[in-house]
Amino acid sequence: MLRVVLADDENKVVLLMQKLIDWEKLGYEIVGVANDGLRAIELVQETHPHLLITDIRMPGCDGIELIRRAKELQPGLHFIVISGYRQFEYAQNALKYGVEDYLLKPLKQDELYGILLRLKEKLGEEAALEYQLQKSGERRQTLALAALKEAADRQQPFLTAEQAEEEYGFRFGQGSYFAVIVKPDISNAAKYLDGYQLMMQHTLEIVRREVQLLADEYAAAMQKEGVAILLYMKAFQAVEVKQCFTKIRKEIEKQRDLFWDIRSTICLGSRKDRPEGLARSMQEALWLCRDRLCHVQPWRDAEIEEPMCSEHYLMDAAQKKRFQEAAEYLDANRFSQELEDSYRYISQRQPLTGQMLEDWFDQVLESSIYGMQQNGKVADRFAQTMEEDFWRCTNAQDIYRLLRQDIQQEILRLDNEKALRETRPITEAKRYIQQHYQESLRLEDVSSAVGFNATYFSALFKKETGQNFMDYLTGLRINKSKELLCDDKLSVQDVAELVGYRDLKYFSRLFKKTTGVSPSDYKKLYR
């Protein structure tokens with residue numbers, strides 16, 4: 001079943017969409033509905049839908065912003081937008097963001113059915129292509145490299161020769177086993193992700209073309225760290241290996257027509273005589289790849305220089321606490337100052353390795369996320385995206401800028417959402433007061449209606465409106481009474497009762513205190 005989220009600020013539109021179509025018969029399942037943009041984003045995070053149908057104008061965040069943020073969370077998500085005729089140009093702009101189609105209000109069953117039918121065919125084709133990829137040799141290589149990377153991270157042996165053949169079809173025997181990371185770098189890669197991905201794809205193609213001529217068995221796949229390679233050679237020849245990877249590096253750097261400052265680093269793990277040792281070899285290759293952040297060299301070989309895989313950087317507990325507090329208080333300026341001081345300290349360490357930089361990065365990120373989570377839900381892919389962007393950095397300064405920019409942006413986003421969360425109940429409270437001001441209304445009635453403790457609600461109401469509850473209610477009632485007093489058919493007693501006052505003398509005294517004239521005199525002024 002294809003999962004669908006429906007988003008529209010009008011409940012009747014959501015209900016209409018649910019009833020217009022036999023969703024289950026068509027192969028869809030509605031997994032959530034939302035009446036504002038922020039809730040729709042939460043549903044995308046929670047349900048991972050295939051399709052989001054959204055109104056173009058909604059509270060919280062509008063349709064364009066919703067689409068942009070949902071795309072960041074789930075790049076493969078498909079969209080249909082709903083708009084009125086007056087919003088048609090707005091809907092056309094949405095199509096530029098990769099929206100599949102649009103629906104004009106009032107919704108028509110045949111139009112919605114036709115779009116869903118077309119989209120189902122497209123999603124079905126994508127699913128078929130994904131299935132074919134899983135069965136292909138490329139998928140086998142990707143899975144093998146992922147398993148090798150996991151073994152390296154856990155510092156556990158890789159598979160035996162028999163297990164590797166059973167799992168991935170590798171034919172291993174006597175010979176040499178080693179891992180390689182081929183790492184292309186360009187400046188500002190995070191700003192040009194499409195170009196970076198294209199470069200990485202070209203790098204993978206170059207690697208596969210050359211390595212298949214060198215190795216008896218191999219696997220190559222793109223990972224966040226670069227192009228990861230597993231090699232098995234019955235007879236290892238150092239000269240041939242050097243020639244092969246030198247050619248790969250030069251082929252990569254020929255792409256300077258597109259990326260003028262491209263450079264590449266070849267990182268070889270040490271050679272092992274059994275496939276179980278590949279995990280250690282991969283760990284070494286990754287260490288050397290990290291170290292390019294501190295020492296720029298085109299060729300790194302663990303057989304020549306021993307990676308210091310056991311040396312790590314541990315941040316002082318007090319410093320972690322300061323990062324947590326700055327993030328918890330959503331204080332972007334304080335975070336920026338803490339980061340600057342911490343970066344100055346880490347950059348002066350000697351010797352400084354790429355592994356230490358990654359340790360520092362991870363601890364700043366972890367402490368900041370922990371702090372931010374005290375004030376709201378950090379975007380699901382935030383940590384993952386930051387880790388991916390780490391590997392697109394080319395030096396220590398890039399890492400510092402990445403942390404400063406992205407964590408500050410997340411702090412500001414959470415601060416804005418916090419403000420919206422605090423404003424939303426006040427908006428609902430005002431609406432409730434507007435609907436019930438004629439009744440004997442108490443603070444407890446309103447706070448209960450919006451789901452808050454009375455004491456907290458009172459403080460929040462004063463903070464957001466600048467008035468306490470009774471002053472606001474009185475002001476509303478007096479303004480309403482002014483309108484009613486202009487009606488010749490209504491007496492002052494009638495008006496008092498219509499705005500919620502049963503005691504005429506109290507109403508008259510309050511009205512005069514507020515306006516400077518009595519209700520009777522006010523009524524005479526506007527006859």
Side-chain angles (χ1 to χ4, degrees), residues 3-15 17-18 30-84 87 90-91 93-94 97-99 102 327-330 332 368-369 371-386 406-432 449-452 456-457 460-461 463-465:
R3 297 182 299 280
V4 184
V5 167
L6 306 178
D8 196 294
D9 60 340
E10 296 182 65
N11 278 325
K12 63 181 182 181
V13 175
V14 173
L15 290 172
M17 284 193 286
Q18 289 174 307
I30 297 174
V31 293
V33 297
N35 295 119
D36 64 73
L38 294 178
R39 178 55 185 155
I41 290 170
E42 290 175 357
L43 285 172
V44 170
Q45 294 174 325
E46 293 166 6
T47 65
H48 304 289
H50 297 90
L51 173 64
L52 172 61
I53 303 179
T54 177
D55 190 7
I56 208 73
R57 296 283 175 90
M58 280 194 304
C61 68
D62 66 18
I64 296 293
E65 178 67 5
L66 168 59
I67 291 166
R68 184 187 67 77
R69 291 174 64 177
K71 278 272 190 185
E72 291 176 355
L73 292 170
Q74 192 173 323
L77 183 59
H78 295 263
F79 301 86
I80 296 172
V81 296
I82 304 170
S83 77
Q87 302 162 350
Y90 200 73
N93 288 333
Y97 286 78
V99 172
Y102 63 89
E328 181 176 351
Y329 300 149
L330 301 181
S368 301
I369 287 177
M372 289 187 291
Q373 284 174 336
Q374 311 312 306
N375 268 296
K377 187 176 182 181
V378 177
D380 281 351
R381 279 184 50 83
F382 179 73
Q384 181 180 342
T385 300
M386 287 287 287
D406 286 31
I407 293 179
Q408 279 187 328
Q409 284 181 353
E410 188 68 5
I411 286 174
L412 292 174
R413 183 189 70 80
L414 287 169
D415 196 29
N416 290 335
E417 287 193 358
K418 182 182 178 184
L420 283 173
R421 287 197 304 272
E422 292 180 348
T423 303
R424 189 182 302 171
I426 302 306
T427 302
E428 293 174 359
K430 288 180 176 179
R431 186 182 299 117
Y432 185 85
V450 296
F452 280 89
Y456 174 75
F457 172 76
L460 185 60
F461 193 90
K463 176 186 174 183
E464 294 298 326
T465 66

*State, to 0.1 Å, how close Ala7 and Ala40 come at their nearest heavy-atom pair, and which atoms those are.*
CB-CB, 4.0 Å
*asked:* What's the separation between atom CD in Glu417 and atom CG in Leu330, rounded to the nearest 0.5 Å?
replied: 10.5 Å
*Counting N and O atoms only, with roles assigned by atom type, does the side chain of Asp415 sit under 3.5 Å from a partner on the main chain of Ile411, one being a donor and the other an acceptor?*
no
_Atom pair OG1/CD1 of Thr465 and Ile426 - distance to nearest 0.5 Å_ = 7.0 Å
*Work out which heavy atom in Val33 is nearest to a heavy atom in Val14; give both atom names and the distance.*
CG1-CG1, 3.7 Å
*For residues Pro59 and Asp9, report the shortest heavy-atom separation together with the two atoms involved.*
CD-CB, 3.6 Å
*Roughly how far, to the nearest 0.5 Å, is the CD atom of Glu464 from the NZ atom of Lys430?*
8.5 Å
*Taking 4.0 angstrom as the limit, do Arg413 and Glu410 come out as a salt bridge?*
yes
*When you look at Arg69 and Leu38, which way does the side-chain contact (heavy atoms from CB on, under 4.5 Å) test go after all the steps?*
CA-CA 10 Å; Arg69 291 174 64 177; Leu38 294 178; 4.1 Å; yes
*Report yes if some heavy atom in the side chain of Leu414 is under 4.5 Å from a heavy atom in the side chain of Gln373; otherwise report no.*
no
*Are the side chain of Gln74 and the backbone of Pro49 linked by a donor-acceptor contact shorter than 3.5 Å?*
yes
*asked:* I need the single residue from Asn11, Asp8, Asp55 that forms a side chain to side chain donor-acceptor pair (under 3.5 Å) with Asn35. Which is it?
replied: Asn11
*asked:* Contact between Arg381 and Glu72 at the side-chain level, heavy atoms closer than 4.5 Å - yes or no?
replied: no
*Going through the distances and angles, do Met17 and Ile30 end up as a side-chain contact (heavy atoms from CB on, under 4.5 Å)?*
CA-CA 10 Å; Met17 284 193 286; Ile30 297 174; over 6 Å; no
*Calculate, to the nearest 0.5 Å, the distance between atoms CG and CD belonging to Asp380 and Glu42 respectively.*
10.0 Å
*Please name the pair of heavy atoms, one in Pro425 and one in Val450, separated by the smallest distance, quoted to 0.1 Å.*
O-CG1, 3.8 Å
*Apply the side-chain contact (heavy atoms from CB on, under 4.5 Å) test between Val31 and each candidate in Val4, Leu43, Thr47; give the one that qualifies.*
Thr47
*Under a 4.5 Å cut-off applied to non-hydrogen side-chain atoms, are Glu328 and Asn375 in contact?*
yes
_Validation row: Leu52, Leu66 side chains within 4.5 angstrom (heavy atoms)_ = yes
*Would a 4.5 Å heavy-atom cut-off, applied to side chains only, mark Ile407 and Met386 as touching?*
yes
*Return the minimal non-hydrogen interatomic distance between Leu6 and Gln18, and the atom names on each side.*
CD1-CG, 3.8 Å
*asked:* When you measure from the side chain of His50 to the backbone of Arg3, do you find a donor-acceptor pair of N or O atoms at a distance under 3.5 Å?
replied: yes
*Can you say whether the rings of Tyr456 and Phe452 are parallel (under 30°), tilted (30 to 60°) or perpendicular (over 60°)?*
parallel
